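Since the model is a prediction, treat every value here as computed from it, not as a measurement.
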Amino acid sequence: MLTSEKGVVEEWLSEFKTLPEASISSYASGLKNKISLVSALYEVIQKPQSELLEPVCHQLFEFYRSKEKCLGTFTLQFLPELIWCYLSMSSSRELQSCGCIEALLLSIYNLEIMDEQGHSKILSFTIPSLSKPSVYHEPSSIGSMALTEGALSQHGLTRVVYSGPHPQREMLTAQNRFEVLSFLLLCYNSVLNDMPALSLLSLCQMCSRLCVCGYPRQNARKYQGIKNRIPISSEFMVQLLTGIYYSFYNGEWDAARRALDDVLYRAQLELLPEPLLLANAIKASLPQGALKGNKEGSRCIQVEITPTSSRISRNAVTSMSIRGHRWKRHVWAIVGIGLETGFCYLVELSVIVK
């Protein structure tokens, strides 16, 4: 680590401790513009032997438990790198080198599973109904299915998926490791719109490394470092895919495409149905060419909305022309549903009817 970068981190550590209460809000809003500080903190996290790692983790936790949203978001942007550092060290059986990272991850988890009154949170996700229009589909294009869904929706039959309550954890073990990490990624995905491009890139790189380490593809990807296979749960991979899908349309096309291919590679090897379903749905929905978007542009997921008004052809149709005419009917097929995120992925199929 360069002396200048070390000085930036040490100044950041001492600055917040002497900051008056009235200045915290303005200080928090200006942190995202300190590019040199963010790069220096990544350097510290990537080197577990650094003497600055423990005070950095402690201050990141102080940021997260403060009442300032910007400070919490600032901490969350390093979550992918923290997870990668912890998992790589645990696979090498060097957990003593990343004890402060494990403590930080556990502290964030235990904070998030409780509400302000100290009660366990129960998160709910409503599965969208196909009878109601969304940015992904129009009910009229589904055909007779819309009538069935519409009749059901009138009776208030709404499917809700619940998550929680989650138990508090005092340490990470092989049994609860990915339960905690999956929940942390869920928290990260909830603020994806506030994540900088560097954090999205870190997420995609972390995903690729986790999926190919210890497998033949690691040589093709030219990843150096650990050679051990790192176990990954299906739920954890689904949470990774949520961030990857967002990264496609927010300036990280190449990294996201590589990460998606690596997820499919790992899911096929281990026969994991949920990641396979979601990854193939994302792959099928992508445009043919790479999106040339500005990394600092609008942060959104681009979709095409079906026009609501029907188009009536002006060409005259006679009984003779109908016999030799083949009609095309459009049908929407569901290719993937992300239960944790509530996203429904639809693909338009063309059916030729004589």
Side-chain angles (χ1 to χ4, degrees), residues 42 45-46 76-88 91 178 181-182 184-193 195-226 228-293 295 299-302 335-336 338 340-341 343 345:
Y42 272 109
I45 296 172
Q46 291 166 0
L76 278 181
Q77 71 177 314
F78 300 103
L79 186 63
E81 199 66 36
L82 290 167
I83 291 177
W84 163 249
C85 182
Y86 168 75
L87 290 177
S88 60
S91 68
F178 283 100
L181 297 181
S182 299
L184 290 177
L185 276 182
L186 179 65
C187 299
Y188 178 87
N189 291 335
S190 66
V191 291
L192 273 175
N193 197 50
M195 291 296 108
L198 191 58
S199 181
L200 298 179
L201 178 61
S202 176
L203 175 71
C204 295
Q205 291 176 344
M206 181 260 291
C207 179
S208 290
R209 295 192 196 106
L210 287 177
C211 291
V212 304
C213 277
Y215 290 90
R217 181 172 284 198
Q218 182 176 3
N219 297 327
R221 294 296 193 209
K222 298 180 180 180
Y223 289 144
Q224 304 296 327
I226 64 172
N228 303 327
R229 295 183 181 181
I230 302 177
I232 310 177
S233 70
S234 179
E235 181 185 0
F236 183 78
M237 294 180 73
V238 169
Q239 293 299 333
L240 285 175
L241 284 169
T242 302
I244 291 171
Y245 184 49
Y246 181 85
S247 302
F248 269 109
Y249 298 94
N250 290 276
E252 299 299 336
W253 177 275
D254 294 333
R257 186 64 194 233
R258 191 179 305 110
L260 180 63
D261 291 340
D262 292 336
V263 168
L264 281 170
Y265 173 78
R266 181 68 177 268
Q268 288 169 357
L269 288 176
E270 299 193 10
L271 299 178
L272 301 175
E274 292 85 359
L276 274 174
L277 177 65
L278 187 55
N280 280 313
I282 294 174
K283 188 175 182 179
S285 68
L286 295 177
Q288 296 297 325
L291 296 178
K292 298 180 180 179
K295 291 188 177 183
R299 296 188 175 274
C300 60
I301 295 178
Q302 301 176 2
V335 296
E340 287 81 6
T341 57
F343 282 112
Y345 302 97

Chi angles and distances behind the side-chain contact (heavy atoms from CB on, under 4.5 Å) call for Val263, Ile244:
CA-CA 10 Å; Val263 168; Ile244 291 171; 4.1 Å; yes

Can you tell me how far the [atom1] atom of [X] sits from the [atom2] atom of [Y], to the nearest 0.5 Å?
X	Y	atom1	atom2	result
Leu82	Ile45	CG	CD1	4.5 Å
Lys283	Leu276	NZ	CG	11.0 Å
Phe248	Leu260	CZ	CG	4.5 Å
Cys207	Asp261	SG	CG	10.5 Å
Leu79	Leu203	CG	CG	9.0 Å
Cys204	Trp253	SG	CH2	12.0 Å

Residues passing the salt bridge (charged side-chain N to carboxylate O under 4.0 Å, His left out) test with Arg258, sequence neighbours excluded, are none

My understanding is that only residues two or more places apart in sequence, or in another chain, count here; which of them pass ring pair (Phe, Tyr, Trp, His ring centres under 6.0 Å) with Tyr188?
none

Suppose we screen for ring pair (Phe, Tyr, Trp, His ring centres under 6.0 Å). Which residues come up paired with Tyr265, at least two apart in sequence or across chains?
none

Closest contact, heavy atoms only, [X] versus [Y]:
X	Y	result
Arg266	Ile230	NH2-O, 2.7 Å
Leu201	Ala255	CD1-CB, 3.7 Å
Ser285	Tyr249	O-OH, 4.0 Å
Ser234	Glu274	OG-OE1, 3.0 Å
Ser199	Tyr42	CA-OH, 3.6 Å

Give the intermediate values and the outcome of side-chain contact (heavy atoms from CB on, under 4.5 Å) for residues Tyr245 and Asn189.
CA-CA 11 Å; Tyr245 184 49; Asn189 291 335; over 6 Å; no

Heavy-atom distance under 4.5 Å between the side chains of [X] and [Y], does that happen here?
X	Y	result
Cys85	Phe78	no
Leu186	Thr242	no
Leu185	Ile83	yes

Between Asn250 and Met195, does a side-chain contact (heavy atoms from CB on, under 4.5 Å) hold up when you go through it step by step?
CA-CA 10 Å; Asn250 290 276; Met195 291 296 108; over 6 Å; no

For residues 238-251, which residue pairs qualify under salt bridge (charged side-chain N to carboxylate O under 4.0 Å, His left out), counting only residues two or more places apart or in two chains?
none

Salt bridge (charged side-chain N to carboxylate O under 4.0 Å, His left out) contacts in which one or both residues fall within residues 198-218, not counting sequence neighbours
Arg217-Asp262

Between Glu81 and Ser202, do the side chains contain an N or O donor and an N or O acceptor separated by less than 3.5 Å?
yes

Given Met206 and Leu87, is the side-chain contact (heavy atoms from CB on, under 4.5 Å) satisfied, shown in steps?
CA-CA 10 Å; Met206 181 260 291; Leu87 290 177; 5.7 Å; no

Contacts of Ser190 meeting side-chain contact (heavy atoms from CB on, under 4.5 Å) (sequence neighbours excluded), chain-then-number -> none

